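Keep in mind that this is a model prediction, so the values were computed, not measured. In what follows, every chain begins at residue 1, and chains take the letters A, B, ... in the order their sequences are listed.
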Amino acid sequence: MKEIAKAYDPKATEDRIYKLWEESGFFNPDKLPFQPAHGKLVKKFVTCIAPPNITGELHMGHALELTLQDIIVRLKRMQGYKTLWLPGTDHAGIAAQNVVEKQLAKEGLTRHDLGREKFLERMWQWKEKYGGIILEQLKKLGLSVDWTRLKFTMDLDYQQAVKAAFRHYWDKGWIYQGERVINWCPRCASSISDLEVNYVPEKGKLYFIKYGPFTLATARPETKLGDTALAVHPDDKRYHAYIGKELEIESVDNTLPADQPPQKKPIRILVVADEAVNPEFGTGIIKVTPAHDLTDFEISERHHLSLLKVIGEDGRMNENAGRRYQGLKTSQAREKIVTDLESLGLLEKTEEYEHNVGRCERCNSVIEPLPSKQWFLKMKELARLARQALDNGQVRINPARWEGPYREWLSKVRDWNVSRQLWWGHKIPIEGEEDVLDTWFSSALWPFAILGWPDQAELDYQDYYPTDFITSDRGILFLWQVRMIFSGLELTGQVPFKNIYIHATVLTKAGKRMSKSLGTGVDPIKLIEKYGTDALRFGLASQAAGLQDLRFGEDLMVMGKKFANKLWNISRYVLTKLGPDYDWRLENPNSEIVEKINQLAKQTAIKIEEYEFASAANAVYHFIWHEVADQYLEESKNKDDQGTKNTLAYLLLTSLKLLHPFMPFVTEEIYTNFLPDWSGKKLLIVENWPG
RNA sequence: GCGCGUUUAGCUCAGUGGCAGAGCAACCGCCCUACACGCGGUGGGUCGUAGGUUCGAAUCCUACAGCGCGCACCA
């Protein structure tokens, strides 16, 4: 028997043990010592690594998510399931491109200076470097993923999947090109998704402008130049007489040069009735600027109004704004037109006002809604499929409270703008088309694209699709999970996974969001260096209770570290007590505490499967520490009979198994390196789950 | 505006109808040959507020408040 150190040392252990697992091949389900002949279901797990962030480092949210997933994966493997967890990275279109563009900016360059080809080379270099760092960090977390199947969303075979999916939608007639109002980021020079716009409250002004007989309130007077109608609520009696009429009103003459004094100009404008107008707000009448407001655009579609684009994709007023305003930034144009209206007596008053301004999630620029020629995917049928999957129980969301938002999102979803004016991504597979697809279009194919789809004869696809489970942060339920569900249903005829677990959000001790830019981020790798991976994993799991967000403090790490050490010393004691000649080939001994730990094993498995991680972790902690160590071990000190020895051996072995999903390193280290060899001993990672 | 979550010991949180719990922190005593990353012990809570249901409420219902979040609006 080897000499066992007095304290557990994660640093001397973790990398060595991880290598042992990798060399064993057991992360690969096809190489497991058991194959599914023994009648159990083939069980699969598939996940994607969330897109790398700016620095390419994992954050605490990843650490929690991946730990919980690995707990389930390891449990399932020990239960004898053929278990696959396939690692990979996402090319993260706009986010990744922005990072590299920022790098370039430091060198005084833009992507246009490099040209498309050179720029993409830079992107690939960046991907190799930071994608690689992320993958190393996954190993540090101890994740039991199958590295032989590593995927990237721009691998060649993945590109084939993207093309096949696009082709499928195209053949169905669901892809169309349209000049529609979308969220435009002038800095990224691309359309962005509704979900990537952050609305932040900002102080602004509300301008009350005279429109003939009415006074209208607007926060964006410069869009007045793009007005094509006025709108009131159909039930608003105040304005019944005007509905359907075309009014002649005074406006500002935008054809004059900027340096001349402003003059009035008569314009004609139609009044329409539309439900979208809130009669309570302001004067109950709105100006309709279809080109630069999403709501207005929808009103214009209902009433077949024309669309006048006055703001260009560079965020400046264009030729339609008239030569008086052309070329000005929207903020400058706003000042100018307010001054003009004021001197013409068309501005009634100005009020201070707090409203929400849409900003680009990636670069914080103010979003300009504007009409743009983009590719769209019709969502009606896809949304129906996704809703149906939840209704008929094909897919379950846990905690169930997320079902409401899921349904709500689907009921309101607009057609999906799938084109992006970026360089980094999947090119839209249409002749002569320069744009790329929204990152989420390819991410939506992940569970089946990684298994060989569209080639349905592919063995992995046949063996491992559909998958069973995915876990995720709440933030990407709509961006990702919903889209995987409808893509899976439409393209493969099956839900891509049966269960979604939405885990808690990791907050700072003060209850704030963890964010690198706010300086409230915590680096899990640093915690691992300080406390060990097992401590981090156990600390997180012991607080992962589902509904409640997790306020993170290092005391959790302390608890985990102490517990790993406690287990280590329980092992030292038991091994010393049993001595080198003890015969480990034994059946379950009969005793009360053996009954109890077997029960605990059953309960623990059930709790993990029901995502009761904290409850599972704490029950195991309490039992091992207080019942096994404080009571049984203490009592055993005065005993020397065979029954006690057998019980001690069984308790140790079972404790290692129970804790292995939570604390894989210390348990495997004790099992493989300190337990004597006996027939039937293998790696703990593929030991059978007790009970 | 609509909705969701949350409020329990100094801190972070379990506990979902039957005597208030854990970890950390605090205090007292212990290096007892597995572990001082430990052992034994102590103190500490009107379970957010008000009402209701019940033999019995931290737990179920209603209202209110604080904190957090989602969706919508954002003219």
Side-chain angles (χ1 to χ4, degrees), chain A residues 4-9 194-195 199-202 204 206-209 216-221 223-224 227 230-232 276-289 292-296 299 353-358 399-409 411-412 474-475 477-478 504-505 507-513 531-532 535 538-539 542-577 612 614-615 617-619 621-622 625-626 629-630 633-634 636-637 648 652:
Chain A
I4 309 180
K6 199 171 176 182
Y8 171 59
D9 180 4
D194 289 348
L195 295 166
Y199 288 95
V200 286
E202 282 178 25
L206 198 56
Y207 303 92
F208 290 76
I209 302 171
L216 272 59
T218 179
R220 301 199 58 189
T223 64
K224 170 182 171 57
D227 290 349
L230 300 179
V232 298
V277 181
N278 176 4
E280 311 288 320
F281 189 94
T283 54
I285 178 161
I286 66 166
K287 62 193 214 50
V288 182
T289 318
H292 300 291
D293 185 287
L294 226 54
T295 311
D296 289 8
I299 294 174
Y353 173 63
E354 190 175 275
H355 64 145
N356 292 320
V357 175
R401 72 172 159 114
W402 290 103
E403 291 180 3
Y406 175 101
R407 287 201 174 84
E408 192 190 352
W409 187 80
S411 70
K412 288 179 180 160
R474 67 183 63 146
L477 180 61
F478 309 131
T505 301
L507 304 174
T508 66
K509 197 102 180 176
K512 299 293 175 199
R513 235 191 155 75
Y531 299 101
F538 195 84
S542 73
Q543 291 286 293
L547 292 176
Q548 175 106 337
D549 282 342
L550 193 160
R551 294 196 183 194
F552 176 81
E554 289 198 23
D555 48 347
L556 291 174
M557 305 298 98
V558 172
M559 177 190 55
K561 183 169 187 274
K562 288 180 176 180
F563 189 41
N565 197 58
K566 186 73 184 180
L567 184 69
W568 183 261
N569 278 292
I570 288 171
S571 311
R572 286 219 305 157
Y573 170 81
V574 172
L575 291 171
T576 311
K577 178 90 182 172
E612 303 277 348
S615 174
N618 292 327
Y621 176 98
H622 189 271
W625 200 305
H626 300 298
D630 290 351
L633 261 57
E634 287 305 322
S636 77
K637 284 179 177 174
L648 284 173
L652 172 59

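- Across the strands present, G45(B) finds no partner; the criterion is a Watson-Crick or G-U wobble pair with both atom distances under 3.5 angstrom.
- Contact annotation: Trp402(A) side-chain N/O to C71(B) OP1/OP2 distance is not under 4.0 Å.
- For C37(B), neither phosphate oxygen OP1 nor OP2 lies less than 4.0 angstrom from any side-chain nitrogen or oxygen of Lys6(A).
- With both ends at atom P, the span from G45(B) to A9(B) equals 10 Å, rounded to whole Å.
- Taking 3.5 Å as the limit, the base of A34(B) and the side chain of Glu634(A) contain a donor-acceptor pair of atoms between them.
- Using a 4.5 Å heavy-atom threshold, the side chains of Lys287(A) and Thr223(A) count as touching.
- If you take atom C1' in G56(B) and the same atom in G18(B), they sit 7 Å apart, rounded to whole Å.
- For the pair Asp630(A) CG and C32(B) C1', the computed distance is 14 Å after rounding to whole Å.
- Close to A34(B), at under 4.0 Å from its OP1 or OP2, lies a side-chain N or O of Lys637(A).
- Aromatic ring pairs are classed by plane angle as parallel below 30°, tilted from 30° to 60° and perpendicular above 60°; the pair Trp625(A) and Phe563(A) is parallel.
- In this structure, Lys566(A) reaches the C39(B) phosphate: one of its side-chain N or O atoms is under 4.0 Å from OP1 or OP2.
- With P as the reference atom, G43(B) and U6(B) are 32 Å apart, rounded to whole Å.
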